Structure formats: C-alpha cells, structure tokens
Amino acid sequence: MNRLFRPAFALCALLSLSGPLTAPLAAEVETASLGGGEEERVTEVAGCVLTAKAICPGIDLRHRNLRSLSLAGADLRGANLMRADLRHADLRGADLSGAILDGADLRTAFLQGTRLSGARLRGANLEFARANGADLRQADLTAANLEALRADKADLTGANLEGANLQEAKLSLTNLSQANLEGAKIRFAIFQDALMTDCRSCPTDW
C-alpha cells in the first residue's frame, strides 16, 4: 500500500470500529466547521432565560457570547458583563444601571433608551453603536472606543470619558454637563446643541 494512504486508511479503520462520533467530538467538529472554535451563544444562565424583558439583576455574564441576542427591556441592573460579546445585541430600553461592562464588545449594538447610569464601561468598544436617548449619567467610559457612536439626546451628565475615542461620534443635543473629556479624541465628532455646563475639556467651538 502506498505510504501516503496509510494514515487515512488507519483513521477510517479506527472510526469503523469505534462506531459513530461521540457527542463531544461531534460538537467539536461542528464548532470547527463553523470556523474559529467560538463559544456557543448562551440563552440561559443560572436559571435566567436571556430574552427580551428578562429579569436578571446581578447576573454574571462575564466573557459570554451574547452576540445579536435580544435583551430589549431586560432588567440587568448590576450585572457583570465584563468582556462579554454584545455585538449587534438589542438592548433597547434595557436597565443596565450600575452594570460592569469593562472591555465589553458592543459594536453596532442597539442601545436606544438604555439605562446605563453609574455603569462601568472602561475600555469597552461601542464603535457604530446606536445610543440615542441613552442614560449614561455618571458612567465610567474611560478609554472606551466610541468612534462613530450615535448618541443624540443621550444624557452623559457627570460621565467620565477620559481618554475615550469619540472620533466621528454624533452627540447632538446630548447633555455633557460636568462630564470629563480630558485626553479624549474628538476629531470630526458632532456636538451640535449639546449642553456642556461645567464640562472638562469639552470643545468650545460648538
């Protein structure tokens, strides 16, 4: 037999003797075929079903894959979403007051009317997210990526945006009173009719 075919022949023989693939191996093959071994998206954690209007305050969702999940109107107050994958997730009207979202990926997420007062979003990625009318009072957005964020009429009173990337962000009619923008990148950002009373390092030419 040609040497090149021996490994393949041996593998086929082994599979024929051992029967069908076991569940774990089958799942592993499926994950590989989907490309990248990415963690499966979760829909239930600690008995809490993650759906729109779910009531899950304080839930631990660290590092979880929640991409494209609908959590509109959900109660996630004080939840831990550190480094969670929330790309394109629907969080419209959800309550995330006091939640921890450090390093979370919120690119293209829907955050219209979301309550994030007192939330921690240090180093979070909100690029191209939609956050019109969101409540971000006293939120910590230190070094967050807010490039091309749309947050018209959002409330950022007292928010910390130190070192944040706000390039091309749209913040028309936004309340930035007492906010801190020291070291923030604001090139091409739009602050039309924004309220900037006692704001630190807010632009003065709007």
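Computed from a predicted structure; not experimentally measured.
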Any side-chain heavy-atom pair from [X] and [Y] closer than 4.5 angstrom?
X: Leu156; Y: Leu141; value: yes
X: Asp90; Y: Leu69; value: no
X: Arg107; Y: Phe128; value: no
X: Leu81; Y: Ile59; value: no
X: Leu195; Y: Leu173; value: no
X: Asn132; Y: Lys153; value: no
X: Thr51; Y: Thr43; value: no
X: Thr157; Y: Leu136; value: no

Under 4.0 Å between a Lys/Arg side-chain N and an Asp/Glu carboxylate O for [X] and [Y]?
X: Asp140; Y: Arg120; result: no
X: Asp135; Y: Arg115; result: no
X: Glu182; Y: Arg200; result: yes
X: Asp85; Y: Arg67; result: yes

What is the distance from atom [atom1] of [X] to atom [atom2] of [Y], rounded to the nearest 0.5 Å?
X: Ser201; Y: Glu162; atom1: OG; atom2: CD; value: 8.5 Å
X: Asn125; Y: Glu147; atom1: CG; atom2: CD; value: 9.0 Å
X: Met82; Y: Arg64; atom1: CE; atom2: CZ; value: 15.0 Å
X: Ile55; Y: Asp75; atom1: CD1; atom2: CG; value: 6.5 Å
X: Gln178; Y: Asn160; atom1: CD; atom2: CG; value: 13.0 Å

side-chain contact (heavy atoms from CB on, under 4.5 Å) between Asp60 and Val45, worked out: CA-CA 8 Å; Asp60 187 351; Val45 174; 6.0 Å; no
Looking at residues at least two apart in the chain, or sitting in another chain, which of them share a ring-ring contact (aromatic ring centres under 6.0 Å, His included) with Phe110?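 Applying ring-ring contact (aromatic ring centres under 6.0 Å, His included) to Phe110 gives His88.
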Test side chain to side chain contact (heavy atoms under 4.5 Å, CB included) applied to Phe191 - qualifying residues, sequence neighbours left out: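 Leu171, Leu176, Leu181, Ile186, Ala189, Ala194, Met196, Pro203, Trp206.
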Testing the basics here: between [X] and [Y], what is the closest heavy-atom pair and its distance to 0.1 Å?
X: Ala164; Y: Leu146; result: CB-CD1, 4.4 Å
X: Arg87; Y: Thr108; result: C-OG1, 4.4 Å
X: Cys56; Y: Val49; result: SG-O, 4.4 Å
X: Arg122; Y: Asp102; result: N-OD1, 3.0 Å
X: Leu166; Y: Ala184; result: CD1-CB, 4.3 Å

Crowding at CZ, Arg130 (>12 non-hydrogen neighbours, <6.0 Å):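 More than 12 within 6.0 Å, yes.
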When you measure from the side chain of Thr114 to the backbone of Leu91, do you find a donor-acceptor pair of N or O atoms at a distance under 3.5 Å?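 Side chain of Thr114 to backbone of Leu91, a donor-acceptor pair under 3.5 Å: yes, one is there.
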Asp152 side chain to Ala154 backbone, donor-acceptor under 3.5 Å: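 Not at all, since once roles are kept as given, no pair shorter than 3.5 Å links the two residues.
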Go through the steps for Leu71 and Leu76 under the test side-chain contact (heavy atoms from CB on, under 4.5 Å), then give the verdict. CA-CA 9 Å; Leu71 290 164; Leu76 297 169; 4.3 Å; yes
Decide whether Asn145 and Asn165 meet the rule of one side-chain donor and one side-chain acceptor closer than 3.5 Å.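 On atom types as modelled, these side chains qualify, holding a pair under 3.5 Å.
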Short side-chain donor-acceptor distance under 3.5 Å, Ser172 and Asp193: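 There is no such pair (donor and acceptor under 3.5 Å, judged by atom type) between the side chains of Asp193 and Ser172.
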Take Asn65 and Val42 through the side-chain contact (heavy atoms from CB on, under 4.5 Å) test and state the conclusion after the steps. CA-CA 6 Å; Asn65 179 4; Val42 295; 6.0 Å; no
Give the cluster check for Leu50 versus Leu111: same hydrophobic cluster or not, with ILVMFWY residues linked at side-chain heavy-atom distances below 4.5 Å.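 Linked, Leu50 and Leu111 end up in one cluster.
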Please test Leu101 against Leu86 for side-chain contact (heavy atoms from CB on, under 4.5 Å), starting from the C-alpha separation and ending with a verdict. CA-CA 10 Å; Leu101 292 123; Leu86 287 154; 3.8 Å; yes
